[in-house]
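Counting convention: from 1, in listed order, for ligands and their atoms alike. What's counted below: heavy atoms across the whole structure, side chains too, no hydrogens, waters or symmetry copies.
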Amino acid sequence: MASQKLLLLPGDGIGPEIMPEVKKVISWFNENGDMSFETEEGLVGGSAYDAHGQSISEEDMAKAMAADAVIFGAVGGPKWDDVPYEVRPEAGLLRLRKDMQLFANLRPAICYPALADASSLKKDIIEGLDILIVRELTGGVYFGEPKEITDLGNGQKRGVDTQVYDTYEIERISKVAFELARTRNNKVTSMEKRNVMKSGVLWNEVVTQTHGNGYQDVELEHMLADAGGMQLVRWPKQFDVIVTDNLFGDMLSDVAAMLTGSLGMLPSASLGAPDEATGKRKALYEPVHGSAPDIAGTGAANPIAMIASFGMALRYSFEEVEAADKLDKAIAVALDKGLRTKDIAGEGQATVSTSEMGDAIVAELSALSA
Ligand code: IPM
Ligand code: MN
């Protein structure tokens, strides 16, 4: 395989602590696999703001556009609570998503057998859970205009965000969901609020139409997003693939993540459309968790979501399915052997540091290849 260019953007908080662990994994594949990755690093979020007053520089944006995949840590923290809205840490991530046109956000929620006791739900409800949330990522209320606070001149202000979806945006995200469902348990649940939102009515219509145009082999179900949230905590195993808009997807994926026992475990992939000439998609891979400023600097962060995000890069950007399976297996074995960072340790259970967990996963990769 020709050399692949990765842009590493550690970001803020625990981001710079978990990124070195994924670098160990990348080096392992460079040395032991038949693939070759070149890495470059850049700044995003508060760390970019501190360095040059922007949440991502033009130079790093250009590197992201040119990379075969971006590996992203996390952004944000109380340190930047008072920076101007336009350059707040999250703006860097949103710009990457928008400019790279990463409209499809894949957020798997799987329950590792070794962690079935770590969920706040009863074990039989989440044991064996394996669902995939497909979140629309470049539209909806995140980017709709107008988006503003205006002064009404009578001592009142008005805050406005705009929820807007065009047919093509709903169509392309539902296709992604149907296609992924075919590789899994062949069921898609679409979630919106058609009972109160016009964008929900259109969402529902377009998903149904798209289903009728070549995806009838996939089971399709519609659910109101509030009921969907309720069903997610009641009986999550009823779902296979959930497709939903940007804001509902943000909330529902946090709920789904918590079901699995730890937010620190879950990776995500954000993908663009395949390039017409090369067939390659722009892509960014990031943990579902945030920058966890409360534990930053303590060596307690769980690097698994970050490492598993690189696993998704192997799967979705580089078609290295075997390598991705091997990495997922290495993570599962390390957990089976009882290795726990603080966030996933049971009462009285011994814990390992961020770098010890990274080393253990690399050791399991070697053991699986021996
Ligand atoms: C996420 C995060 C982001 C979002 C923030 C950091 C802008 O919560 O990726 O889920 O709201 O999309
Ligand atoms: Mn979120």
Side-chain angles (χ1 to χ4, degrees), residues 9-16 18-19 43-49 54-56 61 64 69-81 83-109 131-144 147 161-165 169 173 191 225 228-229 232 242-260 262-272 282-294 296 301 305-306 308-309 312-313:
L9 295 174
D12 309 322
I14 60 171
I18 55 180
M19 193 60 82
L43 295 173
V44 67
S47 57
Y49 177 79
Q54 278 182 302
S55 50
I56 184 161
M61 252 332 287
V70 175
I71 311 291
F72 185 99
V75 288
K79 183 179 173 197
W80 301 283
D81 275 353
V83 308
Y85 185 80
E86 292 66 38
V87 290
R88 72 200 188 285
E90 291 77 11
L93 175 58
L94 296 175
R95 172 147 183 226
L96 283 160
R97 289 177 181 168
K98 192 69 181 175
D99 286 10
M100 293 170 74
Q101 297 184 40
L102 307 174
F103 69 92
N105 184 214
L106 280 39
R107 298 191 162 186
I131 61 183
L132 176 66
I133 298 196
V134 177
R135 168 188 175 192
E136 200 291 327
L137 202 61
T138 50
V141 79
Y142 272 65
F143 297 101
K147 188 179 198 58
D161 292 283
T162 306
Q163 164 82 348
V164 48
Y165 272 108
E169 295 177 286
I173 194 71
M191 294 188 189
L232 259 179
I242 293 172
V243 65
T244 190
D245 78 12
N246 206 343
L247 184 60
F248 294 141
D250 181 42
M251 297 191 293
L252 294 169
S253 63
D254 265 22
V255 174
M258 195 57 216
L259 297 177
T260 67
S262 172
L263 206 53
M265 309 290 294
L266 297 177
S268 79
S270 304
L271 308 175
K282 289 215 184 335
L284 178 148
Y285 298 87
E286 63 172 314
V288 169
H289 64 68
S291 62
D294 52 322
M306 185 78 258
S309 296
M312 288 190 89

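For R88, no heavy-atom contact with ligand 1 is shorter than 4.0 Å.
Among the heteroatoms counted here (N, O or S) of D250, OD1 is the one nearest to the Mn ion (ligand 2).
Minimum interatomic distance between H289 and A74 (heavy atoms only, all atoms of both residues): O-CB, 4.4 Å.
Remark: minimum distance from atom 4 (C) of ligand 1 to any protein heavy atom is reached at Y142 OH, 3.4 Å. Atom 1 (C) of ligand 1 has its closest protein heavy atom at R107 NH2, 3.4 Å.
A 4.5 Å side-chain heavy-atom check between L232 and I131 finds at least one atom pair inside the cut-off. Counting heavy atoms from C-beta outward, D12 and S47 have side chains that approach closer than 4.5 Å.
Under the side-chain contact (heavy atoms from CB on, under 4.5 Å) rule, Y142 has a single partner from N246, L137, D245, which is N246.
The Mn ion (ligand 2) has no N, O or S atom of D254 under 2.8 Å away, backbone or side chain.
Counting only non-hydrogen atoms, the option in R97, H289, E286, M251 that gets closest to atom 9 (O) of ligand 1 is R97. Comparing heavy-atom distances from atom 2 (C) of ligand 1 across N246, V75, D250, L137 singles out D250 as nearest.
Every atom of ligand 1 is numbered from 1 in the order shown, and the set under 4.0 Å from a heavy atom of E90 is 6 (C), 7 (C).
Residue Q101 qualifies as open at atom CD: its count of foreign heavy atoms under 6.0 Å is 12 or below.
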Apply side chain to side chain contact (heavy atoms under 4.5 Å, CB included) to L96 and E286, showing your working.
CA-CA 12 Å; L96 283 160; E286 63 172 314; over 6 Å; no
